[in-house]
Amino acid sequence: MTQRKSSGKRTSTAVEEEEDDSRFTQPTTSQVQKGMEKLTKAQIDEKTTELVQYILMKDQKKIPVKRADIVKNVLKEYKNVFQEIMNRAQQRLEQVFGFKVVEIDAKNHVYILINKLEPAEGSEMISGNPKTGLLFVILSLVYMKGGVVPEALVWNTLKKMKVDLGERHPEFGDVKKLVTDEFVRQRYLEYTKVPHTEPVKYNFTWGQRAEVEVSKHKILQFLGELHSQDPQRWSQQYKDASSQRSSRAPQPSTSSQR
């Protein structure tokens, strides 16, 4: 498991735009009811639309959304009705845009959007978007190495792919900044300091977004194609990927909602 308290490098970049959620107090049922009564149907619809637009705007840059930011930038004085408006926004995002809102951090109430459509195969990801392809390679490396890899191994692997840390890349620009800042801020990767190391060393692990968004089964499919191997050759990873796939399988609906 990742110990967040050790990821000092991450805090300086990844949370600079985030509000503190500790000041948010959970409203009582009566406070919620009173808050909703103060809003007309038109105002509720307007706030819901504002929240949908806010979440979509953040998602364009793959920036997770915190409850505190929603309260500050969207709901403002109507913070007591956060959950009511959020429920409506979730329903609209799912029905209109095909996105599912997932809470990736229950303690700090951090949300991301997941596309409900089947994600592309690994090889298509690599060829379709260079940055996504680079991320996919790093996530694959971390996954196949047991979930934690030293940064030196990541940089050496990228160098073999002609992505040199010491040179500005035509597609990625500053490679180290892209990986340790952008991918970390987006919660695809965790970049954590290894205790008691001199000079200081860092490890990479999967981030919260990757855990809920990236298909381990497709990682194995991609690696199988790359190495002309049956994915089941990696028995431990295949078992883990199959378990993830089963847990994500659609459950029979018990709702009459269309």
Side-chain angles (χ1 to χ4, degrees), residues 2 7 9-18 55-65 97-99 104 112-115 117-145 147-193 200-229 231 237 241:
T2 331
S7 55
K9 204 160 199 175
R10 179 184 177 277
T11 14
S12 61
T13 55
V15 297
E16 58 189 3
E17 296 179 354
E18 295 178 349
I55 294 174
L56 288 173
M57 178 188 69
K58 290 289 186 181
D59 185 66
Q60 287 181 348
K61 294 184 178 181
K62 294 293 184 183
I63 298 174
V65 181
F97 298 97
F99 288 122
I104 58 172
I112 63 169
L113 287 184
I114 299 294
N115 193 332
L117 300 176
E118 181 69 14
E121 297 292 335
S123 55
E124 293 173 5
M125 285 183 67
I126 297 297
S127 60
N129 183 318
K131 283 188 178 181
T132 304
L134 181 71
L135 172 64
F136 196 74
V137 167
I138 297 171
L139 289 174
S140 299
L141 177 64
V142 174
Y143 180 56
M144 298 305 288
K145 291 294 182 180
V148 183
V149 296
E151 65 171 332
L153 179 58
V154 172
W155 306 140
N156 288 337
T157 300
L158 295 185
K159 190 171 184 178
K160 292 176 182 177
M161 299 170 56
K162 309 300 182 185
V163 180
D164 196 331
L165 201 64
E167 300 174 3
R168 188 168 184 83
H169 194 273
E171 290 280 0
F172 310 127
D174 186 331
V175 178
K176 185 169 184 178
K177 184 177 180 181
L178 171 65
V179 175
T180 64
D181 184 4
E182 186 172 326
F183 290 162
V184 170
R185 188 172 64 251
Q186 293 170 350
R187 308 286 179 99
Y188 280 116
L189 290 170
E190 288 281 353
Y191 184 52
T192 56
K193 186 165 64 175
V200 176
K201 296 180 180 179
Y202 289 84
N203 284 336
F204 282 106
T205 58
W206 277 33
Q208 295 160 314
R209 181 188 288 271
E211 291 290 353
V212 297
E213 187 175 295
V214 178
S215 166
K216 294 173 181 176
H217 185 75
K218 293 197 180 299
I219 280 182
L220 289 181
Q221 284 185 324
F222 164 68
L223 291 172
E225 293 173 13
L226 190 65
H227 298 287
S228 300
Q229 298 281 351
Q237 287 90 345

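These numbers were taken from a predicted model, which means no experiment stands behind them. Side chains included, hydrogens not; waters and symmetry mates left out as well; all remaining heavy atoms used.
Interatomic distance, CZ of R209 versus CG of L113, reported as 7.5 Å (0.5 Å rounding). Rounding to the nearest 0.5 Å gives a distance of 5.5 Å between CG of L189 and CG of L135.
When all heavy atoms are compared, the tightest approach of Q186 to P64 is O-CG, 4.0 Å. Scanning both residues, V154 and F204, for their nearest heavy atoms gives CG2-CD1, 3.6 Å.
Inter-residue side-chain proximity for Y191 and V179 is flagged as unmet; no heavy-atom pair is nearer than 4.5 Å. Taking the side chain as every heavy atom from C-beta outward, I138 and Y188 never approach each other to under 4.5 Å. Between L153 and K145 there is a side-chain heavy-atom pair separated by less than 4.5 Å.
Of the possible donor and acceptor atoms, one in the side chain of W206 sits under 3.5 Å from a partner among the backbone N and O of L139. Without hydrogens or angle criteria, R187 side chain to I112 main chain gives no donor-acceptor distance under 3.5 Å.
Applying the side chain to side chain contact (heavy atoms under 4.5 Å, CB included) test to V65 and every residue at least two apart in sequence or in another chain returns Y54, K58, I70.
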Trace of the side-chain contact (heavy atoms from CB on, under 4.5 Å) decision for F183 with L134:
CA-CA 10 Å; F183 290 162; L134 181 71; 4.3 Å; yes
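Screening K131, K177, K176 against E182 for a salt bridge (charged side-chain N to carboxylate O under 4.0 Å, His left out) leaves a single residue, K131.
Listed by first and then second residue, the side-chain hydrogen bond (donor to acceptor under 3.5 Å, both in side chains) pairs that reach into residues 152-172 are E151-W155, sequence neighbours excluded.
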